[in-house]
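Quick notes on the structure that follows.
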Amino acid sequence: MFYYIWIQGKGKAFCAGGDVSTVFHNVTEGNWRFGAKYLWNLYTLNYIIATFCKPQVSILNGIVMGGGAGASIHGRFRVVTENVVFAMPETEIGLSPDVGSSYFLSRLPGFFGEYVGLTGARLDGAEMLACGLATHFVPFARLTLLEEALNKVNTADPAIISAIIDEFSQQPHLREGCAYHRLDIIDKCFSRRTVEEILSALEREAANKGGAWISKAVQSLKKASPISLKISLRSIREGRLQGVGQCLIREYRISCHMLRKEVSKDFFEGCRAILLDKDRNPKWEPSRLELISDQMVDRYFPKVDDEEWEDLALPVRSNSPASAMSKL
Ligand SMILES: CC(C)(COP(=O)(O)OP(=O)(O)OC[C@H]1O[C@@H](n2cnc3c(N)ncnc32)[C@H](O)[C@@H]1OP(=O)(O)O)[C@@H](O)C(=O)NCCC(=O)NCCSC(=O)/C=C/c1ccc(O)cc1
């Protein structure tokens, strides 16, 4: 029996999100509940990981996006290598960052979580470690030795596991020009109340000889679904004051409203443009931030008004030790 959990992907991607194309086909054939059921199971799993009594060691050594983040970041130890590419790209496909990310993004320093969640920026291992998404950086070449060392002690004691991972860890170099070097600018821009104000603040910084990452952030915000951006900002902001369970419940309601195409069909347009037809030219509706009222955004947050719909009912985790809760 193992007293800790080791979780690692096979191939180049740990997980590049859920299988969005399958959900797309089911829902376009009128079966939105297929997607809702999938997310119910997924978010329940995220909650179990986030509150599990055994320490989980997640190895992030490839593309980790969306669903992959939910399977790994809630674990007690997040070990990254030089091969990791991390992103929460949901606003690019008309969704909103989910899998409990409104919890872990809102815990990052300053307003870095808003930056990552709204722009879908890709982070490398050094940046993940600097911001706290990762707990350790271990070179890929040393992973097998690390696994062997952990197997040898086979313990549930987080202090011992941490000390062993430390032995294999390195301090990576934070890339010149990476966004994390300019937390001051990120805080100044991403602390604004609305997406419109965030975008204007970034554009002013870009005009003021800002770094390449600022222009990229502006481009990403302009390319993303406007309604997804507004929903996502509100979701991450609400997440700051909530536990991981409440965050998942809110995210479940948002995702179900999106699957039901109640206010906007952007999720389907995003999947079409990015994953299926691959023209990378989504036609968002509403097409601009100014066309989206607070009342339209409000509609994504309450329970779904449908007799057959059930809210997310997370398992009771009263036996979890304090060390198992709130990893970030
Ligand atoms: C960086 C990637 C992961 C790899 O890039 P690449 O190395 O240049 O490779 P490709 O882009 O050619 O992708 C390889 C194949 O994987 C497919 N793919 C690549 N991500 C995916 C993918 N999430 N799904 C379903 N095929 C994919 C992609 O379409 C392509 O298919 P094919 O041309 O048939 O080989 C790139 O594909 C990428 O950015 N993908 C989008 C990642 C993404 O936005 N993920 C979604 C996060 S949101 C999420 O998970 C929500 C799930 C959800 C679940 C249930 C619901 O009810 C509602 C929502």
Side-chain angles (χ1 to χ4, degrees), residues 9-46 49 60-74 83-102 104-105 116-124 216 219-220 223-225 227-229 231-232 235-236 248-262 264-282 284 300 304 306 309-312:
K10 266 191 176 174
K12 76 171 178 177
F14 175 84
C15 174
D19 188 345
V20 189
S21 43
T22 303
V23 173
F24 176 93
H25 290 303
N26 269 276
V27 180
T28 40
E29 281 158 24
N31 186 10
W32 73 272
R33 287 195 178 81
F34 174 89
K37 185 71 200 152
Y38 173 93
L39 293 178
W40 170 289
N41 291 330
L42 179 64
Y43 298 169
T44 302
L45 175 66
N46 297 142
I49 292 173
L60 292 84
N61 173 49
I63 300 164
V64 179
M65 296 183 178
S72 56
I73 302 295
H74 294 295
N83 301 322
V84 71
V85 181
F86 176 91
M88 294 303 290
E90 286 78 3
T91 60
E92 194 192 351
I93 58 166
L95 273 173
S96 170
D98 61 348
V99 295
S101 64
S102 61
F104 64 70
L105 290 176
V116 173
L118 296 184
T119 65
R122 294 181 176 198
L123 307 184
D124 64 16
K216 222 167 163 186
Q219 270 173 25
S220 302
K223 250 179 38 200
S225 151
I227 197 156
S228 287
L229 288 173
I231 294 165
S232 305
S235 179
I236 296 170
L248 285 162
I249 289 170
R250 175 173 25 73
E251 291 168 8
Y252 182 65
R253 292 175 186 174
I254 293 171
S255 299
C256 286
H257 287 294
M258 287 177 163
L259 287 171
R260 285 162 56 90
K261 307 179 192 169
E262 284 170 5
S264 161
K265 300 184 179 72
D266 276 4
F267 169 43
F268 299 88
E269 178 57 8
C271 289
R272 182 204 64 72
I274 309 297
L275 292 171
L276 301 170
D277 297 349
K278 299 183 186 175
D279 58 32
R280 303 196 73 82
N281 189 22
W284 303 126
Y300 284 84
V304 171
D306 179 312
W309 181 85
E310 274 181 61
D311 212 354
L312 191 65

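Nothing here was measured: the structure is a model prediction, and the numbers come from that model. Start at 1 and go down the list; that is how both ligands and their atoms are numbered.
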| P89 neighbourhood, listing ligand 1 atoms whose heavy-atom distance to it stays under 4.0 Å | 43 (C), 44 (O)
| task | For S228 and L95, indicate whether the former's side chain and the latter's backbone hold a donor-acceptor pair under 3.5 Å. | result | yes
| Short side-chain to backbone donor-acceptor contact, E269 and G94, under 3.5 Å | no
| request: Using atom types as modelled and distance alone, determine if a side-chain donor or acceptor of D98 lies under 3.5 Å from a backbone N or O of E251. | output: no
| field | Shortest protein heavy-atom distance from atom 55 (C) of ligand 1, along with the residue and atom involved | value | Y38 CD2, 3.1 Å
| query | Of the protein's non-hydrogen atoms, which lies at the shortest distance from atom 42 (C) of ligand 1, and what is that distance? | reply | A16 O, 3.6 Å
| note | Looking only at non-hydrogen atoms, the one of V20, V23, L95 nearest atom 59 (C) of ligand 1 is L95
| Does E92 have a non-hydrogen atom less than 4.0 Å from ligand 1? | no
| request: May I ask whether atom 21 (C) of ligand 1 is less than 4.0 Å from at least one protein heavy atom? | output: yes
| message | I'd like to know if the side chain of H74 reaches the main chain of V99, judged simply by a donor and an acceptor atom lying under 3.5 Å from each other, with no hydrogens or angles considered. | response | yes
| said: Under 4.0 Å and counting heavy atoms only, is there anything from the protein next to atom 15 (C) of ligand 1? | reply: no
| field | Which residue and heavy atom of the protein sit nearest atom 32 (P) of ligand 1, plus the separation | value | K278 NZ, 3.5 Å
| field | Within-cut-off N or O pair, D98 and ligand 1, under 3.5 Å | value | no
| Is there a donor-acceptor pair under 3.5 Å between the side chain of S72 and the backbone N or O of G68? | yes
| request: Among all protein heavy atoms, pick out the one at the shortest distance from atom 53 (C) of ligand 1; state its residue, atom name and that distance to 0.1 Å. | output: L39 CD2, 4.2 Å
| said: For atom 19 (C) of ligand 1, which of the options L275, V64, I93, L42 provides the nearest non-hydrogen atom? | reply: L275
| Under 3.5 Å, N or O to N or O, is G35 touching ligand 1 that way? | yes
| request: Answer yes or no: is there a donor N or O on one side and an acceptor on the other, between the side chain of W284 and the main chain of K223, under 3.5 Å? | output: yes
| query | Are any of the protein's heavy atoms under 4.0 angstrom from atom 11 (O) of ligand 1, yes or no? | reply | no
| Are M88 and ligand 1 in contact, using a heavy-atom cut-off of under 4.0 Å? | no
| request: Answer yes or no: is there a donor N or O on one side and an acceptor on the other, between the side chain of N26 and the main chain of T22, under 3.5 Å? | output: yes
| request: Could you tell me whether a side-chain N or O of T91 sits under 3.5 Å from a main-chain N or O of L118, the two making a donor and an acceptor? | output: yes
| message | If I apply the N/O under 3.5 Å rule, does M65 come out as touching ligand 1? | response | no
| query | What about G18: any of its N or O atoms under 3.5 Å from an N or O on ligand 1? | reply | yes
| query | When you measure from atom 2 (C) of ligand 1 to every protein heavy atom, which one gives the shortest distance, and what is it? | reply | I63 CD1, 4.3 Å
| Among side-chain atoms of S255 and Y43, is any donor-acceptor pair under 3.5 angstrom? | yes
| query | Is R122 in contact with ligand 1, taking contact as a heavy-atom separation below 4.0 Å? | reply | yes
| Got a donor-acceptor contact below 3.5 angstrom from the D279 side chain to the N281 backbone? | yes
| said: Before you tell me yes or no, could you show the steps for D306 and W32 under side-chain contact (heavy atoms from CB on, under 4.5 Å), namely the whole-Å CA-CA distance, both residues' side-chain angles and the distance that decides it to 0.1 Å? | reply: CA-CA 12 Å; D306 179 312; W32 73 272; 3.9 Å; yes
| field | Backbone of S235 reached by a side-chain donor or acceptor of R250 within 3.5 Å | value | yes
| query | What part of L259, side chain, backbone, both or neither, has a heavy atom within less than 4.0 angstrom of ligand 1? | reply | side chain
| request: Measure from atom 45 (N) of ligand 1 to the protein's non-hydrogen atoms and state whether any distance is below 4.0 Å. | output: yes
| request: For the residue pair W40 and Y252, categorise the inter-ring angle as parallel (less than 30°), tilted (30 to 60°) or perpendicular (more than 60°). | output: perpendicular
| query | What do you think, any protein heavy atom under 4.0 angstrom from atom 6 (P) of ligand 1? | reply | yes
| field | Contact bool for atom 37 (O) of ligand 1 (protein heavy atom, d < 4.0 Å) | value | no
| Which is closest to atom 25 (C) of ligand 1 by heavy-atom distance: S21, G68, G62? | S21
| said: As an exercise, identify every atom of ligand 1 less than 4.0 angstrom from a heavy atom of K12. | reply: 6 (P), 7 (O), 9 (O)
| For F14 and G9, which heavy atoms make the closest approach, and how far apart are they? | CD1-N, 3.2 Å
